[in-house]
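Single-structure report; data block below.
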Amino acid sequence: MNISSSLTRINRLIQAAAIHAGRDPAAVRLVAVSKTRPAADIVEAFHSGQTVFGENYIQELLPKLTEVSEAVEWHVIGHLQSNKVRYIAGQVALIHSVDRISLATEIDRQWGKLGKICDILVQVNISGEAAKSGTTEEGAIQLVRECALLPHIRVRGLMTMPPFFDDPETARPFFAGLRQLSEIIAAHNISGVEMVELSMGMTGDFEAAIQEGATLVRIGTAIFGNR
Ligand SMILES: *Cc1c(COP(=O)(O)O)cnc(C)c1O
């Protein structure tokens with residue numbers, strides 16, 4: 001399958017999952033995960049109607065920022081080192097993977113130099129697995145509070161990456177857990193914080209994630225093929 005027909009298929013599945021869950025399909029956005037893919041694939045996807053692209057590695061994102069001249073919206077979805085933040089300041093629309101205050105502080109500093117505000121999500125390790133990055137559930141509330149004090153950061157919600165399971169139903173409780181945590185944080189009414197985004201769901205489990213409230217699904221393999 002080519003990129004265009006894969007996108008058509010995925011968008012239909014996203015729409016069907018949203019409707020099945022009684023949700024507005026327009027409330028779910030597709031982040032096309034283009035890691036390891038050449039700029040030409042991104043351009044092709046863009047011309048098939050896809051506007052949002054997620055990258056994991058800054059060293060891979062940087063050349064693409066210049067190679068892709070189309071007006072794509074870039075998201076950072078992978079683990080981010082603080083010393084890389086300055087290279088992407090002002091150039092990405094959303095960072096999904098903020099998991100510690102030192103990183104948030106550096107984002108605030110770099111966006112602040114430009115007089116801009118960076119939208120971020122707090123990444124939560126909802127499964128509690130040692131190998132996964134993200135804050136603990138308790139740590140997430142604290143981190144959101146600390147981020148709320150930074151003038152050039154705007155917290156928009158939460159992101160998670162559950163452990164890999166063959167059965168998406170096994171991932172579902174983690175998606176539900178992230179939604180519940182988001183509701184708990186929203187109930188704290190922290191000034192400047194809007195818990196409106198839930199970034200969860202990948203190629204193998206995005207339909208379950210949408211049923212549990214995902215607003216951003218991060219899909220790579222089903223669009224671009226195996227990496
Ligand atoms: C690679 C990646 C994805 C996409 O995974 P697929 O299974 O290829 O859809 C989503 N989120 C993150 C954080 C990733 O690193």
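Computed from a predicted structure; not experimentally measured. Counting starts at 1 for both ligands and their atoms, in listed order.
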* Asked: Are the charged groups of Arg23 and Glu212 less than 4.0 angstrom apart, N to O?
  -> no
* Which of the ligand 1 atoms, numbered from 1, are nearer than 4.0 Å to a heavy atom of Ile219 -> 9 (O)
* Nearest neighbour in protein (non-hydrogen) for atom 12 (C) of ligand 1 -> Ile77 CD1, 3.6 Å
* **Carboxylate-amine/guanidinium proximity below 4.0 Å for Lys35 and Glu60** => no
* Structure fact -> Residue, atom and distance of the protein heavy atom nearest atom 13 (C) of ligand 1 read Met161 SD, 3.2 Å
* Asked: Considering all heavy atoms of both residues, which atom of Cys147 and which atom of Ala104 are nearest to each other, and what is their separation?
  -> SG-CB, 3.6 Å
* Structure fact -> Asn56 heavy atoms within 4.0 Å reach ligand 1 at atoms 14 (C), 15 (O)
* Structure fact -> Taken to the nearest 0.5 Å, the spacing of Asp99 CG from Met159 CE works out to 9.5 Å
* What protein heavy atom sits nearest atom 6 (P) of ligand 1, and how far off is it? -> Thr203 OG1, 3.4 Å
* Asked: Quick one: which ligand 1 atoms are inside 4.0 Å of a heavy atom on Gly220?
  -> 4 (C), 6 (P), 8 (O), 9 (O)
* Nearest-option assignment for atom 14 (C) of ligand 1, heavy atoms, candidates Met202, Lys35, Arg218 -> Lys35
* Got more than 12 heavy atoms from elsewhere within 6.0 Å of NE2, His47? -> yes
* salt_bridge(Glu67, Lys64) N-O dist < 4.0 Å -> no
* Would you kindly specify which portion of Arg227 sits under 4.0 Å from ligand 1, judged on non-hydrogen atoms: side chain, backbone, both or neither? => side chain
* **Residue and atom name of the nearest protein heavy atom (relative to atom 8 (O) of ligand 1), distance in Å to one decimal** => Thr221 OG1, 2.5 Å
* Asked: Taking all atoms of both residues into account, what is the closest heavy-atom pair of Leu121 and Ser199, and its distance?
  -> CD1-CB, 3.5 Å
